[in-house]
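Taking it in order: structure first as C-alpha cells, then the write-up.
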2 protein chains.
Amino acid sequence: MDERQVGSLTFRLDLSQPLYEQILKQMRSAIAKGEIALGEKIPSVREMAHALKVNPNTVSHAYQELERDGLTETRRGQGTFITTSRERVQQFRRELAERLLADFVAQMQSLGYTWDEIERCLHTKKKEATVHGRNGGAL
Amino acid sequence: MDERQVGSLTFRLDLSQPLYEQILKQMRSAIAKGEIALGEKIPSVREMAHALKVNPNTVSHAYQELERDGLTETRRGQGTFITTSRERVQQFRRELAERLLADFVAQMQSLGYTWDEIERCLHTKKKEATVHGRNGGAL
DNA sequence: TGGAGTGTATTATATCACTTAATACACTTG
DNA sequence: CAAGTGTATTAAGTGATATAATACACTCCA
C-alpha cells in the first residue's frame, strides 16, 4: 500500500503528482476532517521529511502553502500549529468544496450533460456505492 | 476573450495548462457534444497550428491522443477524421463522465462530506444557477 | 549560557514535461 | 509531378519539481 505513518497522520505518496502537492492535499484533508485537533502542533519540517523520505525543502513548500491557506500558524523556533479558529477551517472546507463542485459541473456541462442528468448520475452512483460497502465508499 | 476560430470550432487557450491538453479537451468536448459530425474531417495539423499560433508538434500531440481515445481515425495523406462510430463516441462520453464523477466524489469525501451532503450541495448549486441564467450556467 | 530543535533562505545541480524550430519521409490526391 | 496529408527526428530553451548542502534567527530547556 506504500503508506507512511508520521505522528497520528498517514500519508500515501506516488509519482503521479508533485510530492509537495500530495502532502499539501492530505494535510488539508486531515485538518478539514478534524483528524488533527485545532491548535495542535504538526510534525516539524525535518521530522516529516525524514518520515516521508523526502527533502526538507519539499515539506517546507507544502507547509508554506498551508499557512497561505490560513490553516496553520508558524511560531519561530517552536514549530507549525493548526489554527485555533474553527471558523477558518470550516470556511476553507466550504470554499474548497465549492470550487470542486463548480469545476465538476463545468466539466460535465462541457460534455453536454444537463443539470438534471448530472444529478441523476450522482444519485445512481450513490446507490451503487451504498449497496456494496457500508462506509459510503469512503474507504 | 482570447478566442480563436478554426473551421467550425472555437478554441480558448491560456497558460494555465499545457497547450496540447487544452486543445485535446476542447476537441473532446466538441466531439462529445456533436458539434463536429461523425466522419467529418478536422483541420489539418498545420492549418490548426497556424490558426492557433502554436507549433505543429503541439497540435500533433493532441491529435494522437484523440486517436488513442478512439475518437478519430487518421488516413495517411488525407487527414484526420472523426470516427464514424456513434457508439464509440457515446461510450467515451460515458466513461469520461464516470471518471469525473468518481474523482469529484472522492475529493469531497476526503473533506468529510457524506453522500447526502454532496447531493444537497449539487442540488443547491443547480437552483442557484437556474435562477440567474437560463442556459444552466453553461455560458 | 549553551545546545538542540524550530522555520526559513540561499545556492547549486539534476531531471522532466512542455514548447518551439527546422527538417525529412511516406503517403494520397488532383 | 506538385501540393497537402500525418508522422518522425533532432535540437534547443523554459519552467516546475526535487534533492543537496549550508546558513541564519529564533525559542525552549537543562
Side-chain angles (χ1 to χ4, degrees), chain A residues 2 4 6-7 9 11-27 31 36 39-84, chain B residues 2 4 6-7 9 11-27 31 36 39-84:
Chain A
D2 200 14
R4 301 213 169 275
V6 41
L9 285 306
F11 289 86
R12 265 176 277 101
L13 301 184
D14 54 53
L15 301 176
S16 67
Q17 288 177 0
L19 293 175
Y20 85 90
E21 230 175 85
Q22 299 182 56
I23 298 171
L24 176 61
K25 287 179 180 175
Q26 291 176 39
M27 286 292 302
I31 298 172
I36 318 181
E40 188 171 327
K41 180 180 181 299
I42 65 180
S44 76
V45 167
R46 291 172 180 79
E47 181 186 354
M48 180 75 80
H50 182 264
L52 300 183
K53 296 181 177 176
V54 147
N55 194 277
N57 294 336
T58 302
V59 176
S60 181
H61 191 171
Y63 277 22
Q64 288 175 32
E65 292 290 325
L66 279 179
E67 192 179 21
R68 256 183 75 258
D69 290 338
L71 294 180
T72 60
E73 298 163 0
T74 62
R75 307 179 199 154
R76 328 193 67 179
Q78 296 188 41
T80 305
F81 301 77
I82 306 298
T83 179
T84 55
Chain B
D2 201 14
R4 301 212 168 276
V6 40
L9 286 306
F11 289 85
R12 264 176 277 101
L13 302 183
D14 55 52
L15 302 177
S16 67
Q17 288 178 0
L19 293 174
Y20 85 91
E21 232 175 83
Q22 299 181 54
I23 298 171
L24 176 61
K25 288 179 181 174
Q26 292 175 38
M27 286 292 303
I31 298 172
I36 318 181
E40 188 170 327
K41 180 180 182 297
I42 64 179
S44 76
V45 167
R46 292 171 179 83
E47 179 187 354
M48 180 76 81
H50 182 264
L52 300 183
K53 296 181 177 175
V54 148
N55 194 279
N57 293 337
T58 304
V59 176
S60 181
H61 192 171
Y63 278 21
Q64 288 176 32
E65 291 290 325
L66 279 179
E67 193 179 19
R68 255 183 75 254
D69 291 338
L71 295 180
T72 59
E73 298 163 2
T74 63
R75 306 179 199 154
R76 330 193 66 181
Q78 297 187 40
T80 306
F81 300 76
I82 305 298
T83 179
T84 56

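In the text below, chain A, chain B and the rest are named by the order of the sequence lines, each starting its count at 1.
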Output for pair (B:R12 CZ, B:L52 CG), nearest 0.5 Å, gives 12.5 Å

Listing, residues 54-65 of chain B side-chain donor-acceptor contacts under 3.5 Å, not counting sequence neighbours, or none:
residue : atom : partner : partner atom : Å
B:N55   : OD1  : B:N57   : N            : 2.9
B:N55   : OD1  : B:N57   : ND2          : 3.3
B:S60   : OG   : B:Q64   : NE2          : 3.1
B:Y63   : OH   : B:P43   : O            : 2.7
B:E65   : OE1  : B:R68   : NH1          : 2.6

As an exercise, state the distance from CE of A:M48 to CZ of A:R4, rounded to the nearest 0.5 Å.
13.0 Å

Tell me which residues in residues 43-52 of chain A lie within less than 4.0 Å of DNA chain C, going by non-hydrogen atoms.
A:S44, A:V45, A:R46

If you assign each of B:N57 and A:Q17 to its closest nucleotide in DNA chain D, which residue comes earlier from the 5' end?
B:N57

To the nearest angstrom, the CG-P distance between B:N55 and D:dT14 comes to 16 Å

Per-pair distances, 0.1 Å, donor-acceptor, side chain in residues 18-25 of chain A, under 3.5 Å, sequence neighbours excluded:
residue : atom : partner : partner atom : Å
A:Q22   : OE1  : A:D14   : N            : 3.0
A:Q22   : NE2  : A:D14   : O            : 2.8
A:Q22   : NE2  : A:Q17   : O            : 2.8

Atom pair distance, as rounded to whole Å: CG in A:L15 and P in D:dA18
9 Å

d(NZ, A:K41; P, D:dC28) in whole Å:
12 Å

Taking only the side-chain nitrogens and oxygens of A:T58, find out if one of them lies under 4.0 Å from OP1 or OP2 of D:dT17.
no

Can you tell me how far the OG1 atom of B:T72 sits from the CD1 atom of B:I31, to the nearest 0.5 Å?
6.5 Å

Rounded distance in Å - CD1 (A:I23) to P (D:dT17)
13 Å

Starting from C1' on D:dT5, measure out to CD1 on B:I42 and report it in whole angstrom.
12 Å

How far does CD1 of A:I36 sit from CE of A:M27, to the nearest 0.5 angstrom?
4.0 Å

When rounded to whole Å, the CG to C1' distance for the pair A:L19 and D:dA16 reads 13 Å

At a heavy-atom distance below 4.0 Å, what parts of residues 64-79 of chain A sit against DNA chain C?
A:Q64, A:E67, A:T74, A:G77, A:Q78, A:G79

Qualifying salt bridge (charged side-chain N to carboxylate O under 4.0 Å, His left out) pairs with a residue from residues 48-57 of chain B, counting only residues at least two apart or across chains
none

Under 3.5 Å, which donor-acceptor pairs do the side chains of residues 74-83 of chain A form with other protein atoms, sequence neighbours left out?
residue : atom : partner : partner atom : Å
A:T74   : OG1  : A:E67   : OE2          : 3.1
A:T83   : OG1  : A:S85   : N            : 3.1

Quick check for you: name the first and last nucleotides of DNA chain C, 5' to 3', having an atom under 4.0 Å from a heavy atom of chain A.
C:dG5 to C:dT10

